[in-house]
Amino acid sequence: MGKLKGFAPSIGSEQGKEKLKKLSDRIEQLLFSTPLLFEEVLDNQIEELAQKYHKQILDKQLVDTANKDKVASSTMDIQSVDINSIETEDVREIGAEWMCKQMLEAMEVPSFVKSCDIEGIQLQHCLINWISRMVHPCSEHATAKWLDLNSALGELIGSKHQSITRHHLYKAASTLYKKKDMLDDHLIATTRSMFNLQDKILLFDLTNTYFEGVKLNSKRGQFGRSKEKRSDAKLISLAMVVDGMGFYRYSKFYDGNVSEPGTLGDLLDHLDKKTGTPKALKPVVIMDAGIATEANIILLKEKGYDYLCVSRRTLKDYQLAEGENIIVHDKRKHPIEIKKVAGAEHDKELFVYVKSQQKEKKETSINTKLTDRFIQGLTNIKEALSKKRGTKSIDKVHERLGRLKQKYPRIHTKYKINVTTCKGKVTAVSWELQENKMSKDRERGVYFLRTSLMGDDEKQLWEIYNTLREVEDTFRTLKTDLHIRPVFHQKDKYSEAHLYLGILAYQVVSVIRHKLKSKGIHHCWSEIVRIMNSQKAATISMMKEDGNKIFIRTCSKPTAEAMEIYNALKLKARPFYRKRCSPP
């Protein structure tokens, strides 16, 4: 065939030998119409070469293709069966599991975990638990049921005939958590290599999740401000650092009542120790207003980090820089006005004015709702004065008014409330809107970005700040798609292992989604799993003419949507085509 031009590395290398074998198999398939044992997506180079050499062989009549039907028939297994006896058994989901397994292998996870002295059955359990959290995130008890009844994951990993219980899964999660630092380093290095990443931007945020149960002996479980409004449940907090593309960089667990701003110092110390990055090359830190306290701003400056955040304070009597306001758009195409604040630069820091029409509408709606509720509360107090058993004593009426003001602190200051009394009783309650208070009300829909990046224009600063959505998407994926909440474990070590397994799953999910986005596929993770779960593995049994029964294990052909995902990820479409097997 001459030289195979374009094959790199050289044919003598292992990678070259593998390419050459794929090329030979493809040429044979074209010549004799022979089925391949594995269906796979060939790269364009191999396919082009196969078509080229196939044409040359036919033109020069180098192979007798007249008898190709006979050659193809030699691979067939033709038997007489009773079609009425055909049954389908042991149907299991395999598509999402197969996709995730191949991606773990592409990230060299199985070999790395094995190098951490995790081998044999223990390695299989770790991989099964990792993939299970990606495909069917739930409690260990429910996961064990799913593995037993619904999934072909055990078959893919090599533990089909093993009974995997929740205790195996508990142990596997704990085993992985003990290797946290090593696994973090490997995953970070792998994603950097796969996507040629540089940590120019780091996003910091803190979230919490709640426990089911009393957690009497837990140190981590504490009452605090729940993100899910579960004030009745104890919490555990999770601080995370992700890069500008949403890939995980570092995490740490805290007590449920930890102060949100107080976590930044710990994370910065860890990153400084891990990377040892020179001051001139340190990334920009992006954070929301909850973390951006004055103390943290000072800390960032001392450590040599640039920063960009939402200002915790609203500027008063500010002037915008000259020129027209710049219009940008959010992800839903809503317009947003941005402009630098004139004269706000001090101590190498500037502010950017941001006004969002959607935010203005939302704040106006909320203000109207709270005002209506406050007025209704005043009306109830007033109407009680005319009722037979209504509250009329001066102390009780003022107590009700105090509770109402406490409930609506921003609204009550705009109203002047008059209380008329006679003989120790309240006879009338009235109120009026104070116009001077209304004029001092802050401009709705407006907030300010605060940054140490002095050289960038408003649009660049907005685009940098917009990457904060990535950390919001991270927590949304963890909580919604990977179901890290609620936590049912009673011991802190198991709770942390459960949450860390979700983080491991998230990193692989991020790789898959990023690769798909680069090909124009923007599905959320749960939608990707739904599409891939349409591919099943099943055992087909049938009775032969001689009275014996045969069993064939087969994997269904992917749907068009699933095939599109396989092609985008450059993964094999089936773990197997069909094979004989023993009864299920």
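Note that these values count all heavy atoms, side chains included, but never hydrogens, waters or copies made by symmetry.
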Checklist line | Minimum heavy-atom distance between T88 and A538, given as atom pair plus value | finding: CG2-CB, 3.7 Å

Notebook entry, point to check: Hey, does the side chain of D288 reach the backbone of D205 with a donor-acceptor pair shorter than 3.5 angstrom?
Noted result: no

Notebook entry, point to check: Nearest heavy-atom pair of Y177 and E496: which atoms, and what distance?
Noted result: OH-OE1, 2.7 Å

Next item on the list: Taking atom NE2 of H334 as the centre, report whether more than 12 heavy atoms of other residues, nucleotides or ligands fall under 6.0 Å from it.
Entry: yes

Next item on the list: Pick out which of V511, L501, L482 makes a side-chain contact (heavy atoms from CB on, under 4.5 Å) with Y506.
Entry: L482

Check: Is the backbone N or O of E93 less than 3.5 Å from a side-chain atom of N533, with the two atoms forming a donor-acceptor pair by type?
Finding: no

Check: Is it the case that more than 12 heavy atoms not belonging to K536 sit under 6.0 Å from its NZ atom?
Finding: yes

Next item on the list: Would you mind checking if K101 and E105 are paired as a salt bridge, meaning a charged N to carboxylate O distance below 4.0 Å?
Entry: yes

Margin query: Salt bridge check, R249 against D243: does any charged N sit closer than 4.0 Å to a carboxylate O?
Written below: yes

Checklist line | Within 6.0 Å of CG in L149, more than 12 heavy atoms from elsewhere | finding: yes

Note to self: If you define the side chain from C-beta out and look only at heavy atoms, does anything of Y500 sit under 4.5 Å from L183?
What the structure shows: yes

Notebook entry, point to check: So, K252 side chain and D266 main chain: donor-acceptor pair closer than 3.5 Å or not?
Noted result: no

Item checked: Crowding at NZ, K549 (>12 non-hydrogen neighbours, <6.0 Å) -> yes

Next item on the list: Report, as yes or no, whether the 6.0 Å neighbourhood of atom NZ on K180 holds more than 12 heavy atoms from other residues, nucleotides or ligands.
Entry: yes

Checklist line | S534 (side chain) donor-acceptor with I531 (main chain) under 3.5 angstrom | finding: yes

Check: For A239, does its backbone N or O pair with a side-chain atom of T207 as donor and acceptor, under 3.5 Å?
Finding: no

Check: Checking side chain to side chain donor-acceptor pair (under 3.5 Å) for the pair Y566/Q535: CA distance, chi angles, key distance, verdict?
Finding: CA-CA 12 Å; Y566 279 130; Q535 189 178 24; 2.6 Å; yes

Checklist line | T477 backbone acceptor or donor facing T480 side chain under 3.5 Å | finding: no

Check: Of all heavy-atom pairs between Q490 and F488, which one has the smallest distance, and what is that distance?
Finding: NE2-O, 3.4 Å

Notebook entry, point to check: Should the heavy atoms of other residues, nucleotides or ligands under 6.0 Å from CG of N217 be counted, would the total exceed 12?
Noted result: no

Next item on the list: Work out which heavy atom in G158 is nearest to a heavy atom in Q124; give both atom names and the distance.
Entry: O-NE2, 3.7 Å

Item checked: Y248/D184 under side chain to side chain donor-acceptor pair (under 3.5 Å): CA gap, chis, key distance, verdict -> CA-CA 9 Å; Y248 164 74; D184 283 355; 2.9 Å; yes

Margin query: So which atom in V529 and which in V135 form the shortest heavy-atom distance, rounded to 0.1 Å?
Written below: CG1-O, 3.7 Å

Next item on the list: Look at atom NZ of K227 and say whether more than 12 heavy atoms of other residues, nucleotides or ligands are closer to it than 6.0 Å.
Entry: yes

Item checked: Check: H514 ring centroid to F247 ring centroid under 6.0 Å -> yes

Check: Is N129 reaching over with its side chain to a backbone N or O of H125, donor-acceptor style, under 3.5 angstrom?
Finding: no

Notebook entry, point to check: side chain to side chain contact (heavy atoms under 4.5 Å, CB included) between I512 and W525: does it pass, once the steps are laid out?
Noted result: CA-CA 9 Å; I512 293 173; W525 178 244; 3.8 Å; yes

Next item on the list: Salt-bridge test for D90 and R553: reply yes if a basic N is under 4.0 Å from a carboxylate O, no otherwise.
Entry: yes

Margin query: Taking the basic N atoms (NZ, or NE/NH1/NH2) and the acidic carboxylate oxygens, is any pair closer than 4.0 Å for E228 and K479?
Written below: yes

Note to self: Would you say CG of N548 has more than 12 non-hydrogen atoms from neighbouring residues, nucleotides or ligands within 6.0 angstrom?
What the structure shows: yes

Checklist line | Closest contact, heavy atoms only, V113 versus W130 | finding: CG2-CZ3, 4.3 Å

Check: For D82, does its backbone N or O pair with a side-chain atom of S85 as donor and acceptor, under 3.5 Å?
Finding: yes

Next item on the list: Using a strict 4.0 Å threshold on nitrogen-to-oxygen distance, state whether R92 and E155 make a salt bridge.
Entry: no

Notebook entry, point to check: Taking the six-membered ring where the residue is Trp, are the ring centres of H489 and Y170 under 6.0 Å apart?
Noted result: yes

Next item on the list: Mind running side chain to side chain donor-acceptor pair (under 3.5 Å) on S541 and E89 for me, showing each step along the way?
Entry: CA-CA 8 Å; S541 64; E89 308 172 53; 3.0 Å; yes

